[in-house]
Each structure stands twice: as C-alpha cells, then as structure tokens.
Trainee: 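Can you read through this structure? Questions will come right after.
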Amino acid sequence: MMFRRISQLIAGLALYGFSIALFVRAGLGTAPWDVLHRGVSHLTGISTGVVIIVLSFLILLLWIPLRQKPGWGTLANAVLVGLFVDLSMPFIPQADGLVWQVLFLLGALVLNAVATACYISANFGPGARDGLMTGLARRTGWPLWRCRTLIEVTVVAIGWALGGVLGVGTVAYAFGIGPLVQWLMPVFAIPGVRRTTVETNDGPVAEAVAVPVEAAASVEAAAPVQTTRPAEAGAAGVAESDVEPRETVEASAVERFPSTAP
C-alpha cells in the first residue's frame with residue numbers, strides 16, 4: 001500500500017505540473033493561483049516553476065499562526081509541482097490558433113483533475129494552498145467555501161494586477177475542476193485508507209489525513225458523547241443536552257471542495 005501511495009503522490013504532482021504548463025501554453029487563462037504565479041513571474045522574470053516553489057514555502061509560513069502541520073506530501077507538493085512546470089514548458093509548444101488553444105485548455109483541465117484526484121488520494125497531507133484554506137476555516141469558524149472564495153478572489157486580483165492572464169480558462173477551471181475531481185476520486189482511491197474530519201462547534205474542518213481502515217472503523221463506531229440533565233422542577237418533560245465535539249469519518253472537505261491548487 002505504501003509503495004502505491006508514494007507512486008501515486010509523485011505521479012499526481014508531476015502531472016499537475018505538466019497540466020499547469022499546458023494551461024499556460026493554451027493562452028486562454030489559467031487556474032486562480034496560477035494567475036498569481038504568472039503575474040509574479042511576469043513582474044520578476046523568474047520562471048513560473050520557481051515562483052510556485054517560493055510562494056509555496058511562503059504560504060507554509062502562514063500555517064504557523066493557523067496551527068497547521070505539514071505532511072510529507074505537503075513538502076513534496078511545494079517542491080515537485082514547480083519543478084515539473086519548468087521541466088514541461090520547453091516540450092509544450094505555444095498553441096497556434098483558437099482550435100489548438102481550446103484543445104490545450106480542455107486537455108489541461110482534464111489532466112489537472114486526474115492529477116488532483118491522484119495526489120489527494122495518496123493521503124500524505126494537503127498542499128500549501130489547500131492547508132491555508134482549511135486552516136483559515138478552522139481558526140475563523142467560516143465555512144470552507146467562504147475561505148476558498150476569499151483566497152482565490154484575492155490571488156486572482158493580485159495576479160491580474162501584476163500581469164497574470166485572466167480569461168476563459170480561469171472560468172472553466174473554477175466551474176469544471178470540482179465535478180471532474182469528484183467523479184475521479186473513486187478511481188484513484190487506495191483500498192485500506194480512509195480520511196478523517198474533525199467536527200467542532202464551529203462546524204466540520206477536514207485535513208488530508210489517512211487512517212487505516214481498522215482505525216477508521218473504530219472511530220466510526222464511537223457514538224457522540226451526549227449527557228442529559230433533568231430540567232428544573234416545573235418544566236416536566238424538558239431536558240438540556242450537552243453534546244461534546246465528535247470525530248467522524250467521512251469524505252474529506254478537500255474532496256467536497258476539490259483543490260484549486262496543490
């Protein structure tokens with residue numbers, strides 16, 4: 001199982017980097033975070049891959065106040081995606097004409113979805129950008145969709161201001177990546193590994209954490225701890241319930257809110 005998880009992680013990150021390069025060569029706009037990456041690259045003259053690596057580690061610094069803990073997959077993600085972007089760029093020609101641009105865009109979208117499902121299912125920890133989203137949700141109590149929207153609107157605006165390309169590809173990614181990843185997740189699911197979420201008083205917050213099936217089953221079997229106190233005299237039949245936070249095993253929030261960036 002471990003060999004498959006490691007192989008799937010590396011393959012997913014490599015394919016993710018290739019898909020980003022394909023988005024760039026399509027010339028119709030990139031994923032939200034890549035609008036920022038391209039904008040910084042345009043401003044500084046540094047390659048897109050190096051920008052991705054540098055920003056990944058800068059984002060990881062934001063994990064500290066959010067009390068997020070990186071996994072091996074997080075660190076691999078921070079390095080390998082950018083590396084494979086730069087390795088792929090010389091081998092992908094610039095799309096010539098609208099037909100090729102559309103084909104490149106569709107191919108990039110599908111490959112990115114495959115890569116995302118692949119590396120998420122490896123369960124070695126979230127990417128720097130996904131961890132920022134879940135960490136912000138944990139600390140603020142906001143729903144994940146609000147954190148994701150806030151982050152992506154911010155990075156798109158900054159990236160566009162710096163010269164990043166915002167176009168139909170950005171819109172296609174925003175609306176298309178979620179359903180594609182959701183559909184592909186079962187294909188790359190690894191037998192014997194499940195994912196956990198922690199439900200608190202602020203709502204469910206998920207991490208990309210893998211647990212063996214045996215451990216997951218024991219968590220699943222544990223019922224929520226509930227204590228009931230009789231109501232005061234005169235309020236017959238009424239009881240107060242204090243429900244402790246519980247840990248449940250379900251599809252991760254990263255699956256329900258698929259990654260927009262590694």
Trainee: Taking the side chain as every heavy atom from C-beta outward, state whether Asp86 and Ser47 have any atom pair closer than 4.5 Å.
Mentor: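 Yes. Closest side-chain heavy atoms under 4.5 Å.
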Trainee: Does Asn77 reach the side chain of Trp72, with side-chain heavy atoms less than 4.5 Å apart?
Mentor: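 SC-SC contact between Asn77 and Trp72 ruled out.
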Trainee: If two hydrophobic side chains count as joined below 4.5 Å and joins carry through other members, does Leu62 share a cluster with Ile53?
Mentor: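 Linked, Leu62 and Ile53 end up in one cluster.
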Trainee: So do the side chains of Ser19 and Phe84 get within less than 4.5 Å of each other, counting heavy atoms only?
Mentor: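 SC-SC contact between Ser19 and Phe84 ruled out.
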Trainee: Take His42 and Leu162 through the test side chain to side chain contact (heavy atoms under 4.5 Å, CB included) and record every step on the way to the result.
Mentor: CA-CA 7 Å; His42 174 78; Leu162 295 177; over 6 Å; no
Trainee: Tell me whether Phe104 shares a hydrophobic cluster with Val24, the cluster being built from Ile, Leu, Val, Met, Phe, Trp, Tyr side chains joined at under 4.5 Å.
Mentor: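 No, Phe104 and Val24 fall in different hydrophobic clusters.
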Trainee: May I ask you to decide if Trp33's main-chain N or O and Glu152's side chain share a donor-acceptor pair within less than 3.5 Å?
Mentor: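 No; judged by distance alone, with no hydrogens or angles, the pair does not exist.
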Trainee: Can you name the residues that form a side chain to side chain donor-acceptor pair (under 3.5 Å) with Thr170, not counting sequence neighbours?
Mentor: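 Once residues adjacent in sequence are excluded, Thr170 has no partner under the side chain to side chain donor-acceptor pair (under 3.5 Å) criterion.
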Trainee: Linking I/L/V/M/F/W/Y whenever any side-chain heavy atoms sit under 4.5 Å apart, do Ile64 and Leu136 land together?
Mentor: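 Both belong to a single hydrophobic cluster.
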Trainee: Do Ile120 and Val114 land in one hydrophobic cluster if side-chain heavy atoms of ILVMFWY residues count as linked below 4.5 Å?
Mentor: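 Result: no, two separate clusters.
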Trainee: Given 3.5 Å as the limit, does a donor-acceptor pair link the side chain of Gln8 with the main chain of Tyr119, or not?
Mentor: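 It does not hold such a pair.
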Trainee: For residues Cys147 and Trp142, report the shortest heavy-atom separation together with the two atoms involved.
Mentor: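 In terms of heavy atoms, the two residues are closest at SG-CB, 3.8 Å.
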Trainee: Report the distance from atom CD of Gln182 to atom OG1 of Thr116, rounding to the nearest 0.5 Å.
Mentor: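 Result: 12.5 Å between the selected atoms.
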Trainee: Decide yes or no for Arg25 and Gln101: does some side-chain heavy atom of the first lie under 4.5 Å from some side-chain heavy atom of the second?
Mentor: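 The answer is no, as the side chains (C-beta and beyond) never meet within the 4.5 Å cut-off.
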Trainee: Take Asn112 and Ile177 through the side chain to side chain contact (heavy atoms under 4.5 Å, CB included) test and state the conclusion after the steps.
Mentor: CA-CA 8 Å; Asn112 191 277; Ile177 194 66; 3.5 Å; yes
Trainee: For the residue pair Thr140 and Arg146, confirm or rule out a side-chain donor-acceptor distance under 3.5 Å.
Mentor: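 Note: Thr140 and Arg146 side chains miss the donor-acceptor criterion.
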Trainee: Could you measure the distance from the CG atom of Leu80 to the CD1 atom of Ile52? Nearest 0.5 Å is fine.
Mentor: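 If we round to the nearest 0.5 Å, Leu80:CG and Ile52:CD1 are 12.0 Å apart.
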Trainee: By the definition side chain to side chain contact (heavy atoms under 4.5 Å, CB included), identify the one residue from Leu150, Val155, Ile151, Thr149 that meets it with Val153.
Mentor: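 Of the listed residues Leu150, Val155, Ile151, Thr149, the side chain to side chain contact (heavy atoms under 4.5 Å, CB included) partner of Val153 is Thr149.
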Trainee: Are the side chains of Ile190 and Met1 in touch, meaning some heavy atoms are under 4.5 Å apart?
Mentor: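 They are in contact (side-chain heavy atoms under 4.5 Å apart), so the answer is yes.
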Trainee: With a 4.5 Å cut-off on side-chain heavy-atom distances among I, L, V, M, F, W and Y, is there a chain of contacts connecting Leu15 to Leu103?
Mentor: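 Looking at the clustering, Leu103 is in the same group as Leu15.
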Trainee: Quick one: are Phe18 and Leu87 in side-chain contact, heavy atoms under 4.5 Å?
Mentor: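 In short, these two side chains do not touch, never coming nearer than 4.5 Å.
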Trainee: Between Arg38 and Thr30, does any side-chain donor sit less than 3.5 Å from a side-chain acceptor?
Mentor: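 Not at all, the side chains of Arg38 and Thr30 share no donor-acceptor pair under 3.5 Å.
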Trainee: How close do Ser121 and Ala189 get, counting heavy atoms only, and between which atoms?
Mentor: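 Distance-wise, the nearest heavy atoms are OG-N, 4.0 Å.
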